Novice: 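Starting off with a structure, shown below.
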Amino acid sequence: MELSGASALVTGAGRGIGRTIALALAREGVAVTGVARTASELDSLVREIQKAGGRALAHPGDVASKEVCEAAVAHARDAHGRLRILVNNAGVGEHVPVAQTTDEQWDRMLATNLSGPFRLTRAALPQLTSGGGHVFMISSLAGSNAVEGMAAYCATKAALDHFARCLMLEVRHQGVKVTTIAPGSVDTSFGGGGSGARDASWMLRPEDIAQTVVDLLRMRDEAHSSRIEMRPSRPARRP
């Protein structure tokens with residue numbers, strides 16, 4: 001893909017992996033539309049990209065909302081032209097046993113981690129299939145590995161993985177690539193790193209995920225990596 005001038009929409013772009021992916025794409029000349037719940041974080045992202053000479057706009061909102069998903073895709077198209085890159089990164093998780101998981105927690109994880117990517121992808125497909133594009137699902141190794149106390153989160157990521165596989169089969173003959181990136185422990189507030197509470201030096205960094213996205217976009221059109229699993233080289237040993 002020719003990245004310079006391409007239009008991308010990145011969810012969860014206010015912090016962590018999403019912000020880092022948005023910045024990496026902008027450095028390659030991609031026009032970025034960032035989506036996140038916290039407007040101030042998006043404004044900071046846009047200022048940083050624009051200060052470096054890039055193009056970016058903010059679309060504050062919660063991807064758990066159908067209206068936000070559809071409006072974000074339309075906003076990206078109107079501002080930067082046909083959408084070519086969609087990064088479904090926004091996600092929420094709870095460390096809570098099944099017996100203590102509330103309906104609200106379950107519904108929130110399902111709406112953000114699965115329904116949001118579905119609705120964003122559905123809204124973006126008419127643009128992506130009209131000239132080629134790339135959809136990224138930022139999942140987790142928790143989608144294929146059980147984690148005690150995170151059943152709801154693991155279930156949403158497993159469903160996202162399977163949704164991505166089915167989507168890939170549907171759209172690959174229309175010039176659209178679908179790649180699931182499933183990281184293990186990443187040094188963000190979600191993964192328990194970045195807070196200074198413990199040593200996170202062994203973890204993956206958001207930059208590792210962002211570089212993988214850029215590398216996959218540079219892959220020739222005839223090659224398609226549909227799933228990438230990423231792990232720390234030397235994970236911390238359990239006590």
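The figures that follow rest on heavy atoms only: side chains count, while hydrogens, waters and symmetry mates do not. In this text, all values refer to a predicted model and were calculated from it rather than measured experimentally.
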Novice: Looking only at non-hydrogen atoms, find the nearest pair between Gly12 and Ala90 and report the distance.
Specialist: N-CB, 3.7 Å
Novice: With a 4.5 Å cut-off on side-chain heavy-atom distances among I, L, V, M, F, W and Y, is there a chain of contacts connecting Ile138 to Val186?
Specialist: yes
Novice: For His224, what residues pass the side chain to side chain contact (heavy atoms under 4.5 Å, CB included) criterion, not counting sequence neighbours?
Specialist: Met168, Lys177, Thr179, Ser226
Novice: Backbone N or O of Leu110 within a donor-acceptor pair of the Thr156 side chain at under 3.5 Å?
Specialist: no
Novice: With no hydrogens and no angle check, is any side-chain donor or acceptor of Asp208 less than 3.5 Å from a backbone partner on Arg205?
Specialist: yes
Novice: Answer yes or no: is there a side-chain heavy-atom contact under 4.5 Å between Leu125 and Gln174?
Specialist: no
Novice: Can you see which heavy atom on Phe118 is nearest to which on Phe163, and at what distance?
Specialist: CA-CZ, 3.9 Å
Novice: How far apart are the closest heavy atoms of Pro235 and Trp202, and which atoms are they?
Specialist: CA-CE3, 3.6 Å
Novice: Over all heavy atoms of both residues, which pair between Arg172 and Leu169 is shortest? Give the atoms and the distance, please.
Specialist: NH2-CD2, 3.6 Å
Novice: Shortest non-hydrogen contact from Val30 to Ser7?
Specialist: CG1-C, 4.3 Å
Novice: Check whether any side-chain N or O of Gln100 sits under 3.5 Å from a backbone N or O of Pro97 as a donor-acceptor pair, and report yes or no.
Specialist: no
Novice: Quick check for you: to the nearest 0.5 Å, what is the distance between Arg84 atom CZ and Ser130 atom OG?
Specialist: 9.5 Å
Novice: Between Leu160 and Asn113, is the side chain to side chain contact (heavy atoms under 4.5 Å, CB included) condition met? List the steps.
Specialist: CA-CA 7 Å; Leu160 179 66; Asn113 300 352; 6.0 Å; no
Novice: Any chance you could measure Ser140, atom OG, to Ile181, atom CD1, to the nearest 0.5 Å?
Specialist: 12.5 Å
Novice: Starting from the C-alpha separation in whole Å, work towards a yes-or-no answer on side chain to side chain contact (heavy atoms under 4.5 Å, CB included) for Thr121 and Val178.
Specialist: CA-CA 10 Å; Thr121 303; Val178 181; over 6 Å; no
Novice: One thing to verify: whether Glu94 and Arg108 come together as a salt bridge, which I'm taking to mean a side-chain N less than 4.0 angstrom from a carboxylate O.
Specialist: no
Novice: Val214 versus Arg27: any side-chain heavy-atom pair under 4.5 Å?
Specialist: no
Novice: Flag yes if Val147 and Trp106 sit in one hydrophobic cluster, no otherwise; membership is Ile, Leu, Val, Met, Phe, Trp, Tyr, and two members link when side-chain heavy atoms are under 4.5 Å apart.
Specialist: no
Novice: Determine whether Met109 and Met150 satisfy the following criterion, side chain to side chain contact (heavy atoms under 4.5 Å, CB included), listing intermediate values before the conclusion.
Specialist: CA-CA 11 Å; Met109 283 183 267; Met150 296 194 72; over 6 Å; no
Novice: Do Ile17 and Val87 sit in the same hydrophobic cluster, where Ile, Leu, Val, Met, Phe, Trp and Tyr count as joined when their side-chain heavy atoms come under 4.5 Å apart?
Specialist: yes
Novice: Is there a path of hydrophobic side-chain contacts, each under 4.5 Å between heavy atoms, that joins Leu3 and Ile21?
Specialist: yes
Novice: If I compare all heavy atoms of Thr33 with all of His59, which pair ends up nearest, and what's the gap?
Specialist: CG2-CB, 4.3 Å
Novice: So do Arg218 and Asp215 actually touch side chain to side chain, heavy atoms under 4.5 Å?
Specialist: yes
Novice: Working note: Met137 + Leu167, criterion side chain to side chain contact (heavy atoms under 4.5 Å, CB included); need CA distance, chi angles, decisive distance, verdict.
Specialist: CA-CA 11 Å; Met137 307 292 188; Leu167 175 68; 4.0 Å; yes
Novice: I need the Ile209 CD1 to Gln211 CD distance, nearest 0.5 Å.
Specialist: 11.0 Å
Novice: Give a yes or no on this: more than 12 heavy atoms of other residues, nucleotides or ligands lie within 6.0 Å of atom CZ of Arg82.
Specialist: yes
Novice: Taking Asp187 for its side chain and Ser201 for its backbone only, find out whether a donor-acceptor pair lies under 3.5 Å.
Specialist: no
Novice: CG of Leu114 to CG of Asn88: how many Å apart, nearest 0.5 Å?
Specialist: 10.5 Å
Novice: Would you say Met230 and Val135 are hydrophobically clustered, going by side-chain heavy atoms of ILVMFWY under 4.5 Å?
Specialist: no
Novice: State whether the side chain of Thr20 and the backbone N or O of Ala210 hold a donor-acceptor pair below 3.5 Å, judged by distance alone.
Specialist: no
Novice: Just by distance, do the side chain of Gln127 and the backbone of Leu83 share a donor-acceptor pair under 3.5 Å?
Specialist: yes
Novice: Under a 4.0 Å N-O cut-off, is there an ion pair linking Glu41 with Arg19?
Specialist: no
Novice: Would you say Asp161 and Thr180 are linked by a side-chain donor-acceptor pair, where the criterion is simply a distance under 3.5 Å?
Specialist: no
Novice: Taking atom CZ of Arg119 as the centre, does the number of heavy atoms from other residues, nucleotides or ligands within less than 6.0 Å exceed 12?
Specialist: yes
Novice: Calculate, to the nearest 0.5 Å, the distance between atoms CG and CD belonging to Asp62 and Glu67 respectively.
Specialist: 11.5 Å
Novice: Distance from Asn89 atom CG to Phe136 atom CZ, nearest 0.5 Å?
Specialist: 12.0 Å
Novice: Flag yes if more than 12 heavy atoms outside Arg77 fall under 6.0 Å of its CZ atom; otherwise flag no.
Specialist: yes
